Amino acid sequence: APSFNWEDPLNHKSLLTEDEIAIGETAERYCQEQLFPRVLQAYRDEHYDPKILEEMGDLGLLGATIEGYGCAGVSSVASGLITRAVERVDSGYRSGMSVQSSLVMGPINDFGTAEQKERFLPGMAKGKIIGAFGLTEPNHGSDPGSMETVARPHPTKEGVYLLSGSKTWITNSPIADVLVVWAKLQETGKIRGFLVERSACPPGTLETPQIKNKTGLRASITGMIQLDNCPVPKENMFPEIEGLKGPFTCLNSARFGIAFGMMGALEDCLARARTYALERKQFKGNPLAKYQLVQKKLAEAATDVAYGTLAAIQVGRLKDEGKATPEMISMIKRQNCDRTLYHARTLQEIFGGNAVSDEYHIGRVVANLYVTQTYEGQSDIHSLILGRAITGVQAFV
Ligand code: TGC
Ligand code: FAD
């Protein structure tokens with residue numbers, strides 16, 4: 001007779017291929033053996049070791065859905081299992097990987113010229129070239145269409161643009177070798193994507209100061225991108241993609257990765273809270289796990305892990321069949337981030353005062369989850385995307 005497995009209540013594993021299971025297990029092993037032992041110190045020190053990307057590259061975890069260029073060419077579900085494994089350790093590590101894979105390698109693969117792909121993708125797949133994605137600006141976050149960063153034709157050099165403007169809250173920017181910068185062409189007012197190579201920028205035209213003293217995502221490095229008449233050759237512009245469709249197409253993949261990744265974070269909180277509840281005794285030697293209010297917290301979290309995982313797998317399958325819509329991705333990004341943040345905060349209560357010690361991990365996870373709910377479209381923005389799709393009326397402006 002089938003038995004209930006609290007770690008996979010609705011048996012999502014039965015929906016995975018053997019390859020996907022093997023990829024997920026490889027990622028889990030690396031994350032638990034190599035990443036987890038470093039995360040506490042990295043978080044305390046607000047330090048991100050760029051070697052992590054090389055390690056992930058060696059395992060084929062970067063740009064994993066891309067075919068060729070040294071990438072693994074796996075399914076979207078397999079890539080989701082990778083983000084889930086990484087996010088089980090820390091959302092900041094998943095962020096560094098998502099930006100590299102979905103937000104930089106993704107658009108180069110989707111929109112780049114053959115030359116751009118050859119130049120960047122093999123090195124990025126190995127984690128030897130690090131990428132960043134600059135969309136958000138100090139005055140335009142949820143509304144990137146109003147961006148002020150501009151690309152003007154160079155007054156004397158044919159085929160060169162001068163980029164000016166600033167981007168903020170940019171994952172990996174202080175350590176990036178190549179930065180995808182979205183800017184409006186002065187000639188047309190249309191948004192275009194540029195590959196800004198740090199090594200090619202004259203002094204003073206590109207600065208990427210780190211944003212320090214963050215209250216979440218401290219194991220990831222975040223910064224600004226400040227461009228002051230930074231010359232970028234036309235060969236470094238994505239040739240055809242124009243308008244918000246460019247950055248948003250990359251965001252569809254990254255948001256899918258977050259939705260799947262959230263399940264790793266929530267599974268980790270659930271497993272830790274369960275173990276703690278079984279070990280900690282209060283009132284006549286009873287474990288906390290005996291109390292109904294505690295059991296309800298665990299039951300609700302396990303339910304949302306099961307539902308959220310099934311939804312992510314379904315959207316991943318549709319994505320590979322070319323049948324996923326942006327609204328489906330908004331739905332799972334919003335729901336999985338919101339439910340994971342809610343449950344992490346609730347499960348944290350089971351640890352009582354000990355939750356305040358970082359050795360118990362859950363406090364770090366809760367702080368990270370504020371960020372995952374905020375970036376790549378804050379949850380209320382995804383509500384409005386869904387509201388627009390349901391009613392036909394947009395409520396942004
Ligand atoms: P709207 O009129 O809705 O759309 C403008 C054009 O874009 C197209 N489009 C999409 N295309 C593909 N995929 C999507 N998801 C798309 N969403 C929109 C749309 O079809 C249209 O094309 P066209 O040809 O008709 O021009 O534009 P709007 O200005 O009204 O947008 C509103 C809104 C709220 C949907 C949008 O601005 C939004 O999503 N805001 C949230 C901003 C955001 O997500 N920023 C993310 C920054 S990157 C980041 O956070 C990385 S963190 C990484 C990490 O560390 O893990
Ligand atoms: P705002 O747009 O000012 O929004 C503030 C609040 O108002 C939100 O709750 C929002 O939902 C709400 N709001 C806004 N407009 C409306 C409306 N019309 N109706 C109802 N509510 C509304 N960006 C990048 O480009 N690249 C990166 O790599 C990147 N990494 C990040 C890493 C970290 C650690 C963080 C914190 C952010 C990162 N971001 C990145 C930026 C992130 O995408 C933005 O913070 C996010 O899009 C929200 O923009 P904002 O912070 O300007 O908030």
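For ligands, and for the atoms within them, numbers begin at 1 and follow the listed sequence. Model, not experiment: these values are computed from the prediction. Reckoned from all heavy atoms, side chains included, excluding hydrogens, waters and symmetry mates.
- The closest non-hydrogen atom to atom 33 (C) of ligand 1, taken over F396, F133, W182, Y375, comes from F396.
- From the protein, the heavy atom lying nearest to atom 22 (O) of ligand 1 is K245 CE, 3.9 Å.
- In this structure, R255 counts as a contact residue of ligand 1, since one of its heavy atoms falls inside 4.0 Å of the ligand.
- In this structure, atom 30 (N) of ligand 2 is in close contact with the protein, since a protein heavy atom lies within 4.0 Å of it.
- An N or O contact shorter than 3.5 Å links E376 to ligand 1 by distance.
- The V371 neighbourhood of ligand 2 comprises atoms 33 (C), 34 (C), 36 (C), with distances under 4.0 Å to a heavy atom of that residue.
- Nearest protein neighbour of atom 9 (O) of ligand 2, counting heavy atoms only, is Q378 CD, 3.4 Å.
- Of the protein's non-hydrogen atoms, the one nearest atom 20 (C) of ligand 2 is L384 CD1, 4.0 Å.
- The protein atom (non-hydrogen) at minimum distance from atom 37 (C) of ligand 2 is W169 CB, 3.6 Å.
- Interface atoms of ligand 2 facing F133, defined by a heavy-atom separation under 4.0 Å, are 24 (C), 25 (O), 26 (N), 27 (C), 28 (O).
- Listed by atom number, the atoms of ligand 1 under 4.0 Å from V99 heavy atoms are 53 (C), 54 (C), 55 (O).
- Every atom of ligand 1 with a heavy atom of L103 under 4.0 Å away is listed here by number and element: 51 (C), 53 (C).
- Contact annotation for M97 and ligand 1: no heavy atom of the residue comes within less than 4.0 Å of the ligand.
- Every atom of ligand 2 is numbered from 1 in the order shown, and the set under 4.0 Å from a heavy atom of F396 is 18 (N).
- Using bins of under 30°, 30° to 60° and over 60° for the plane-to-plane angle, the ring pair W182/F238 lands in the tilted bin.
- Contact annotation for atom 27 (C) of ligand 2: protein present (non-hydrogen atoms, distance under 4.0 Å).
- Within the 4.0 Å heavy-atom cutoff, G141 counts among the residues contacting ligand 1.
- For atom 6 (C) of ligand 2, the nearest protein heavy atom lies 4.0 Å away or farther.
- With hydrogens left out, the protein atom closest to atom 50 (P) of ligand 2 is G141 CA, 3.9 Å, a heavy atom.
- Given atom 46 (C) of ligand 2, the protein heavy atom at minimum distance is T374 O, 3.6 Å.
- For atom 18 (N) of ligand 2, the protein comes within 4.0 Å by at least one heavy atom.
- Of all the atoms in ligand 1, the ones that sit under 4.0 Å from a non-hydrogen atom of R94 are 56 (O).
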